[in-house]
Structure formats: structure tokens, C-alpha cells
Amino acid sequence: MSPSVPAKPTLDGLEAKWAARWDADHTYSFDRTKTREQIFSIDTPPPTVSGSLHMGSVFGYVQTDTIARQRRMLGLELFYPMGWDDNGLATERRVQNYYGVRCDPSLPVDPDFAPPEKPGDREIPIARQSFVDLCDRLVVEDEKKFEELWRTLGLSVDWAMTYSTIGERSRRASQRAFLRMLARDEAYSAEAPTLWDVDDRTAVAQAELEDRETNAAYHSLTFHGVDGGENIVIETTRPELLPACVALVAHPDDARFAGRFGQTVRTPLFGVSVPVLAHPLADPEKGSGIAMICTFGDTTDVVWWRELQLPLRNVMGRDGRFLPNPPEWGTDVDDAAGTHYEELAGKNAKQAQRRIVELLAETRELVGEPKPITHPVKFYERGSRPLEIVTSRQWYFRNGGRDQSLRETFLQRGAELRWHPAHMRQRYDSWVEGLNTDWLVSRQRFFGVPIPVWYPLDAAGEPQWDAPMLPSEDRLPIDPASDLPEGFSADQRGVPTGFIADADVMDTWATSSLTPQIVTGWGDDDDLFGRTFPMDLRPQGPEIIRTWLFDTIVRAHFEHGTLPWRDTAINGWVLDPDRKKMSKSKGNVVTPMPLLEKHGSDAIRYWAASGRPGTDTAVDEGQMKVGRRLSIKLLNASKFVLGVISEAPAGEITEPVDRSMLHALAVTVTECTDAFEKYDYARALERAERFFWHFCDDYVELVKHRAYGAADDPGAGSARGALSTALSVLQRLFAPFLVYVGEEVWSWWQEGSIHRSEWPTLTEFVEGDPLVFAATAAAMGAIRKVKSDAKVSMRAEITQATVTDTEVRLAALELARRDVLAAGVITQLDTVVGDALAVTATLADPRA
RNA sequence: GGGCGCUUAGCUCAGUUGGUAGAGCGCCGCCCUUACAAGGCGGUGGUCGGGGGUUCGAGUCCCUCAGCGCCCACCA
């Protein structure tokens with residue numbers, strides 16, 4: 001094919017031109033006739049579409065794409081689908097804010113319901129189905145925006161294989177996996193104290209917690225001794241939970257309380273009798289060394305409550321407000337107890353605390369002033385108020401949180417997985433080692449995969465929680481709220497001897513932990529599953545190791561007895577230009593589209609691919625400019641080489657300096673290939689880039705005069721052959737990074753897409769002596785410096801130059817004498833053997 | 001409290017088996033060289049966080065200290 005180079009190459013318009021071509025040519029379509037060995041499958045993170053687009057969304061996905069493209073060029077068939085994580089609370093919240101509505105499952109469906117144009121001041125309560133419909137509607141819009149961004153970025157995913165975590169395939173896989181875990185006793189339901197978000201009114205899992213330093217105060221409260229026993233003063237940050245107090249606890253070895261264990265004291269304000277107990281978890285150093293146990297102030301209370309077998313005195317409602325009636329206190333309480341409790345009923349935790357402190361002050365049972373402190377408090381990661389603990393029936397998946405040997409099993413799975421970079425495994429290990437509960441998967445929410453379970457109602461209308469009724473797998477996916485259990489009719493729903501549906505949905509992670517199974521067609525397409533599972537690579541961010549990565553390992557272990565993938569590549573964080581962590585609340589989120597338009601996709605990709613694996617990287621427009629400059633350089637260098645070889649044919653590569661340059665390029669190819677093998681795309685880019693500038697600055701300048709020679713000049717043919725070979729290799733080395741300009745310059749002289757071309761191998765090269773190019777390039781650099789120091793043009797003539805260098809390097813230089821004379825515009829070149837390189841030169845008189 | 005990572009030129013960062021410190025940006029100077037002036041060429045600039053050790057030789061290995069960031073932890 002004869003090269004066809006535009007007169008004025010440009011980066012403008014390349015994205016639109018080639019994105020359309022790739023789409024039309026199915027350049028990235030997956031060929032499912034390939035065997036498992038020929039396929040490289042990537043379990044790409046489905047982004048949370050209800051979140052905003054930001055540079056963090058770009059960073060990791062580009063890094064993954066460079067690996068995907070290089071593997072494709074190696075000849076592997078890429079199984080590289082893209083999904084959208086759209087179910088779950090994040091979407092519900094977005095819908096609530098976007099439309100100004102609130103789901104009230106007690107309302108009947110209004111068939112004429114339409115959302116308001118703009119959200120009003122007050123949220124409109126709507127039926128569950130209407131709410132879910134709005135969620136479905138909005139995620140479609142959000143997904144379009146993500147797809148547009150990914151396409152602009154040039155991600156080489158197969159757009160015919162998208163999926164969403166609320167889609168039918170996902171629901172079917174999620175429910176099937178649930179039923180199988182239930183059958184194997186890997187899933188179970190239980191009534192137990194649970195961390196609870198009072199705003200979203202749902203249980204949350206350990207993986208969704210985060211600690212926040214929170215202001216609080218130690219309140220010293222007097223508990224009254226009975227039968228002549230002395231009073232005991234305890235310190236608490238949650239005095240409002242006093243009516244929920246069930247015991248005091250101190251360390252068994254604490255001499256201060258040695259005589260008190262087993263005795264009874266009476267609580268302030270209420271006069272409830274509670275025992276003084278010993279437990280090793282009580283810390284003598286903390287507060288007054290003795291604590292009150294309430295049901296429940298924190299997770300330590302839950303441990304004490306369980307291990308000391310204490311009664312339940314619940315005061316906190318699921319809406320975060322004190323229950324209307326006091327708990328069961330026993331008979332022997334203060335007369336004023338009920339009155340005092342009435343003061344708290346209906347108040348939230350903060351209000352109740354304020355009031356109870358006033359009451360305690362009035363009764364002089366508050367000792368001194370509260371002492372302000374800050375301490376870590378558990379929050380739902382998306383929540384704004386501290387979590388409470390309430391008792392409720394929930395579904396759990398076993399994950400080792402309550403089983404040491406299972407925990408060991410998952411640690412072993414983590415060790416089997418190949419981590420890039422390797423140290424990221426530490427995060428996995430410390431998470432698994434710290435698990436203390438099973439995985440709570442049920443959520444009291446609406447937009448999610450329903451738990452596929454019904455319960456029979458007895459003659460009194462009470463649900464039989466221990467006898468769930470399950471659908472057969474061929475019915476999946478189902479919604480138990482509208483579908484019926486086998487053998488029941490619709491009119492039996494909710495009536496005695498009938499049935500009710502499980503009202504909950506699964507946590508979004510309960511579904512997204514199955515992405516390897518969902519995309520590979522587990523249970524739906526056995527042929528595809530056999531060709532793609534277990535998958536090769538899981539790329540993802542570090543923040544979801546404890547959720548997505550760990551959960552996915554749990555599911556694959558239980559269902560398939562294997563790892564879900566062989567390798568995982570963990571990307572770093574994206575920081576704002578001032579190296580601060582980006583977050584919506586700080587308002588420093590950088591959105592990608594303006595940067596893409598300003599610098600171009602290849603420049604953005606260059607920035608992302610420059611970030612080392614697992615290394616936090618700042619948004620850096622300077623780096624994007626460097627990427628753009630590199631792209632322009634590739635255009636121009638390609639234009640030059642193709643211009644030369646279109647004038648006269650490439651010949652056999654015979655000249656020592658030509659072979660030497662190719663030798664250096666071969667070394668670079670090996671380095672790039674090795675780096676990619678280890679998932680180090682950044683190193684591959686850096687090596688390719690370093691050689692490319694060396695090639696442009698030193699080699700092209702050196703041989704261009706010779707390359708212009710006639711068709712029958714062997715030296716000219718050799719230069720053209722070397723230039724042509726090097727250009728082809730360099731274009732392909734850059735192709736995984738600079739996908740648009742790479743395709744453009746390839747199209748000028750080659751058939752087919754560069755992204756389906758072969759990754760360079762050493763068979764394309766000829767042998768050469770590395771010293772020739774090295775010594776010559778060094779000498780040319782010194783000659784350029786002479787001219788630069790003399791402040792003359794690089795075209796200025798040198799009448800005589802003397803190059804001093806070692807004997808072996810001079811011998812190498814001698815082999816390129818013709819090129820040195822031409823490139824340096826040197827009339828007479830002398831050489832002197834010495835210790836190191838030095839150049840002296842006499843410049844021609846410009847007036848002569 | 002436990003763990004991981006980072007600390008190299010003014011800035012952002014490379015530096016993979018230990019062998020005379022690198023890139024880009026910035027800055028200074030030069031060059032309109034027919035691939036490239038929204039370019040190119042040349043240059044300035046670092047006791048590689050502090051201390052100790054191993055070695056003929058340490059940015060690179062070991063110990064220790066400090067600062068920054070992150071992860072985990074039952075956080076009255």
C-alpha cells in the first residue's frame with residue numbers, strides 16, 4: 001500500500017472519526033468461537049452510575065484499557081464487557097433528590113402518577129412500584145452519560161455486551177446464587193442486634209462502615225448502692241441511653257470493684273436495678289474503669305449483652321427516635337421513672353441527651369460538668385448521623401466473620417490471587433482478619449434485587465420465619481411481592497394460613513459480587529461460561545477491596561470452589577491538582593469532559609497511563625500537555641518517514657548505524673513487553689516514549705540526508721528500511737496508550753486497525769552493534785552543543801571538527817562517518833583517541 | 001494499638017538483580033534546520049528525609065528515628 005499522508009496532520013477530529021469506524025468495523029467485538037486459552041477475560045468494575053463523573057472514573061479504566069489493548073495485540077481474544085452498577089441505595093437517593101419523591105411501600109400504586117417537573121419543598125410519598133419505575137428511568141439516563149465518556153476515552157470494550165446490576169440477567173444470577181447458598185447453609189436469616197442507619201432506615205453491613213472523629217462528652221453519672229453499698233460513678237458519652245441500661249461492667253482483676261461484682265445498683269433517674277458484672281473487655285484505664293451496658297450504645301455493648309446473657313431493654317426506634325413506651329424495667333423502680341421516660345419519648349438521640357442531662361442535673365445525679373472529648377464513632381459510609389443498633393431479622397451470608405477456619409480459607413484464597421502491586425494484598429488480609437460478623441445482605445429498601453422468598457402464615461397470621469418457601473430456579477428472576485409461591489393463589493397473600501413475601505432487597509454488593517458469573521453467562525450460557533470463567537483479570541480501586549473484591553472471592557469460592565480471576569490490578573487514587581483527595585463535599589471534584597475537550601482523549605489517556613500501578617496520582621494538566629505533544633510528534637515523525645519511503649523504496653538494512661538503532665529498539669520492545677506482562681503499563685509507556693524521543697532527536701536527524709538518496713543507493717535504501725521498520729514498531733508500542741493518533745498514523749500506510757495488529761516481537765529485527773548508534777548519538781549531541789554555545793543555527797557549517805573519544809567508540813563512530821558529516825554540516829572530521837568524549841570545532845565564517 | 005505505602009532537582013515523578021544521580025514541567029540561552037515554531041536544540045539545578053550498619057562500592061540491602069498519606073482495630 002502506498003502511503004497516503006495528509007499535508008497538514010492534525011489531532012482534531014480523530015476521536016469522532018475513529019470511534020465511528022471502530023463501531024462500524026466491530027474492531028473490539030468478542031469472538032466467542034475462541035477457546036479459553038485464546039481468550040483474555042476482564043471483570044471490569046461496573047461504575048456506580050448514580051455517582052458523578054470524575055477523573056477517578058477515568059484513571060483506572062484507562063489503565064485497564066491499555067492492558068486490554070496490549071493483550072489483544074498479543075493475539076488474545078478480549079472478553080471485556082462493561083456493566084453499570086445501578087441498583088441500591090445510591091440510586092434511590094439520587095431519585096429522591098432528582099424528583100423530590102419518597103418511597104412509601106404502604107401506598108397503593110397510582111397508575112396516573114407522574115413525577116413533578118422540579119422537586120418541591122416537601123418530598124412526595126409514592127408507591128413502591130412507582131418509585132422503582134423512576135429509578136429504572138433515571139439510571140438509563142445516567143448510563144448513557146457513562147457510555148459516552150467511555151467511548152470518548154476510547155475504551156476498547158465490546159459495547160454489545162453491556163449489563164446492569166438491576167437487569168434481568170443480574171437478578172436471575174443473584175437470586176439463583178442466593179438460593180444455592182441457602183441450600184448449602186451458606187446463607188441464613190437471624191434476628192439479632194444490627195447496625196442501623198436511622199435516616200435510610202435500613203440495616204448496614206460491616207463493609208459499609210466508616211469511623212468518624214466525632215465530638216462528644218463524658219458524663220459522670222451516679223448509680224446508687226443498695227443494702228448499704230456505696231454509690232458507683234460511671235462515665236458515659238451516651239447518657240440518654242440510661243433507660244436502656246442493663247448492667248455495669250468492670251474488669252475482673254480491677255481491685256476497685258472486686259467486692260462489688262454480683263451486687264446490685266440502681267440507675268439514676270429511673271431506679272432500675274442492674275447487676276455489677278465482670279468482663280475482660282472492660283478497660284480499667286478508660287473513664288472511671290466501670291461502664292454501663294445499654295442495649296445498645298455500641299458494638300461492645302452487643303458483645304457484653306450476648307456473653308453475659310443480659311436482658312434486652314430497647315429504647316431506640318428504627319426512625320432514630322425514642323420509642324413511645326419504656327422498656328421492661330421490672331417492678332421495683334422509682335416512682336418518677338415513667339414520667340422521666342415520657343420526657344424522652346419521641347425525641348432523637350441528640351434531643352434526648354440534652355433533656356436527660358437537664359434531668360440528671362436537677363436530681364444531682366450528674367457529677368460535675370460534662371468533659372468534652374472527640375472519639376471515633378461508626379457511621380454508614382454514605383450516612384450523616386451515627387449508626388444506632390436495633391434488633392431485627394436479617395439475612396446473612398457466611399464469610400468467615402464468625403468462623404475462624406473459614407476466615408483462614410479466604411486468607412488462602414487471597415494468597416492464591418496475584419496482586420498488582422503485591423502490597424495491596426495487605427489490605428485484603430487485614431480486612432479478612434478483622435471480620436467480626438457475617439455478611440449482612442438484606443436491606444430494608446426498594447430498588448434492588450428482591451430476596452426470592454415467601455413465608456407461610458399460620459392460623460394466627462404469624463409468619464413462619466424458619467420455613468421459607470422458595471421458587472424453583474427456572475422461574476427466576478422473581479419478585480415475591482407480585483409473584484406467587486407454588487400452590488398459592490393471590491388472594492392468600494397476607495391472610496392467615498396464606499403467605500407473605502420477604503419485603504427486603506439484597507445489598508448491591510450481593511449482586512455485584514457476582515459480576516464474573518453474570519458476564520460469563522453462568523447458568524444461562526454454559527458454552528460462554530466455559531470459555532471465559534474463571535476470568536483473567538480484575539482491575540479495581542483500593543477502596544473496594546473489602547467489599548467488591550472480597551465479596552466476589554466469597555461467592556466464587558462457595559459456588560465454584562475457585563478464585564473468580566487469576567490476577568487483580570489495583571489502581572491508585574486520583575488526587576486534585578493540589579494533591580488533596582477529591583470529594584464532593586470539598587467541592588474539588590474535577591470532571592473529565594472539559595479536560596477531554598481541551599486536551600484530547602489521547603492526552604488524557606497519557607496522563608492516566610503515566611500513573612504507576614497502585615500509586616495515587618494528581619490531576620495534572622501539564623502531564624496532559626506532554627501527552628498531546630507526544631501525539632503531535634508521532635504525527636509528524638510518521639509523516640516524515642512515510643514521506644521518505646514513498647519517494648523511493650526501502651532496501652536491505654545494511655548500514656551499521658541503522659542496525660544499531662534497531663538493536664536499541666529491540667531492547668525497548670523487550671522491556672515494554674516484560675512490563676506489560678507484569679501489568680506495568682506505566683513502565684511500558686515510559687520506555688517507549690524514551691526511545692521515541694531518542695529516535696527522533698538522534699537517529700532521524702542523523703540519517704535524514706542519506707535517506708533522501710536515490711533508489712539505487714544501498715545506503716539510502718538501508719536508512720529507509722530502518723526508518724520504516726522503526727516507525728511500524730513504535731506506532732504499535734504506542735497503540736495501547738495513544739489509541740486515536742496511533743490508529744490515524746497506522747492508517748496512512750497499513751491495512752486494518754492497528755488495534756488488531758501484532759504486538760512487536762524480536763523476529764522483526766536485524767542484529768546490530770549497540771555501540772555504533774550510542775557513540776554517534778553522543779558525538780552528535782556534543783556537536784550540537786558546540787553550535788548552541790556559539791549561538792549559531794544547527795545548519796551552520798563546520799569547516800573542521802575534532803572528536804575525542806575512546807578507541808572502541810571512535811571505531812564505532814567511524815562506521816557512521818557519512819551521516820555525521822552530513823548531519824553536522826562538517827567539512828573535515830578528525831578523531832583523537834582519549835579518555836572521554838570531547839568535541840572541538842571551527843565554524844565557517846558566516847560572511848564568507 | 002497493629003499494618004502498608006511514600007519521603008530523589010523549585011514542582012510532578014522515574015530509577016527491577018548495589019557499580020560514577022534521570023525525565024517532564026518551570027527557569028536561562030539559542031535556533032524561523034524543507035517531519036514538527038501552540039515547535040526544536042543547548043544549559044542551570046539534587047549532601048537521593050535524619051542517624052547508624054553491611055559492602056571495595058548503597059538512592060538501591062539491614063536497623064533505627066521523623067514527617068506525610070492510607071488500611072485495619074470491641075472506639076464506656
Side-chain angles (χ1 to χ4, degrees), chain A residues 5 8-9 211-214 216 218-219 221 234-239 241 248-250 281-283 285-294 297-304 373-378 421 423-436 542-543 545-546 572-573 575 577 579-581 610-612 614-618 620-623 625-630 632-644 671 674-675 678 680 682-683 686-687 689-690 693 696-697 700-701 704 708 781-782 784-796 823 825:
Chain A
V5 182
K8 194 74 183 164
D211 285 350
R212 295 184 199 162
E213 274 302 315
T214 306
Y218 279 133
H219 299 75
L221 310 186
I234 63 99
E235 291 193 345
T236 177
T237 56
R238 301 208 57 185
L241 292 179
L248 299 188
V249 65
L281 222 47
D283 182 355
E285 302 295 315
K286 210 164 282 180
S288 55
I290 185 163
M292 72 170 181
I293 303 172
C294 304
D298 61 31
T299 52
T300 315
D301 280 342
V302 178
V303 174
W304 281 325
I373 58 156
T374 63
H375 67 158
V377 174
K378 287 192 193 309
H423 69 79
M424 286 293 180
R425 190 184 135 204
Q426 303 288 341
R427 298 194 185 209
Y428 175 91
D429 286 351
S430 60
W431 172 251
V432 175
E433 284 161 3
L435 285 169
N436 55 33
E543 77 284 7
I545 289 173
R546 72 180 190 174
W573 271 109
L575 309 172
R579 293 201 62 75
K580 299 259 167 44
K581 193 169 157 178
S610 301
R612 255 62 198 174
T615 301
D616 295 350
T617 304
D620 183 356
E621 288 201 64
Q623 196 66 2
K625 287 177 185 165
V626 173
R628 186 174 176 84
R629 198 177 62 134
L630 176 64
I632 292 171
K633 192 78 173 175
L634 187 58
L635 281 179
N636 286 312
S638 298
K639 178 187 168 192
F640 168 74
V641 172
L642 297 181
V644 167
E671 288 178 336
D674 290 350
K678 295 171 186 164
D680 192 347
R683 182 177 172 82
E686 189 260 334
R687 293 293 146 148
E689 188 182 9
R690 175 183 296 187
W693 285 101
C696 291
D697 294 349
V700 172
E701 292 302 323
K704 68 194 329 181
Y708 281 126
R784 280 197 298 268
K785 179 164 161 49
V786 168
K787 294 186 180 182
S788 185
D789 288 348
K791 304 194 175 187
V792 297
S793 160
M794 290 300 140
R795 287 180 70 191
V825 202

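Naming convention: chains lettered A, B, ... in sequence-line order (proteins, then strands); numbering from 1 in each chain.
Minimum atom distance to the side chain of Q426(A) is reached by rG3(B), of the listed rA73(B), rC74(B), rG3(B). Considering only side-chain atoms of A291(A), the nucleotide from rG3(B), rC72(B), rA76(B) that sits closest is rA76(B). Here the nucleotide nearest the side chain of M794(A), chosen from rU33(B), rC71(B), rA35(B), is rU33(B).
Spacing between atom CD of Q623(A) and atom P of rA14(B) amounts to 11 Å, rounded to whole angstrom units.
Checking side-chain atoms of T214(A) against main-chain N and O of R212(A) turns up a donor-acceptor pair under 3.5 Å. Between the side chain of T615(A) and the main chain of G611(A), no donor-acceptor pair closer than 3.5 Å is present.
Remark: K678(A) NZ is loosely packed, at most 12 non-hydrogen atoms of other residues, nucleotides or ligands lying under 6.0 Å away.
Between the side chain of E689(A) and the base of rA14(B) there is no donor-acceptor pair of N/O atoms closer than 3.5 Å.
Taking for each of V626(A) and F640(A) the nucleotide of RNA chain B with the nearest heavy atom, the 5'-most of the two is the partner of V626(A).
Within the shown strands, rC41(B) is the pairing partner of rG29(B) under the Watson-Crick or G-U definition, both distances less than 3.5 Å.
Among the atoms of the strands shown, none is found under 4.0 Å from any heavy atom of A790(A).
At least one side-chain nitrogen or oxygen of R546(A) sits closer than 4.0 Å to the OP1 or OP2 atom of rC72(B).
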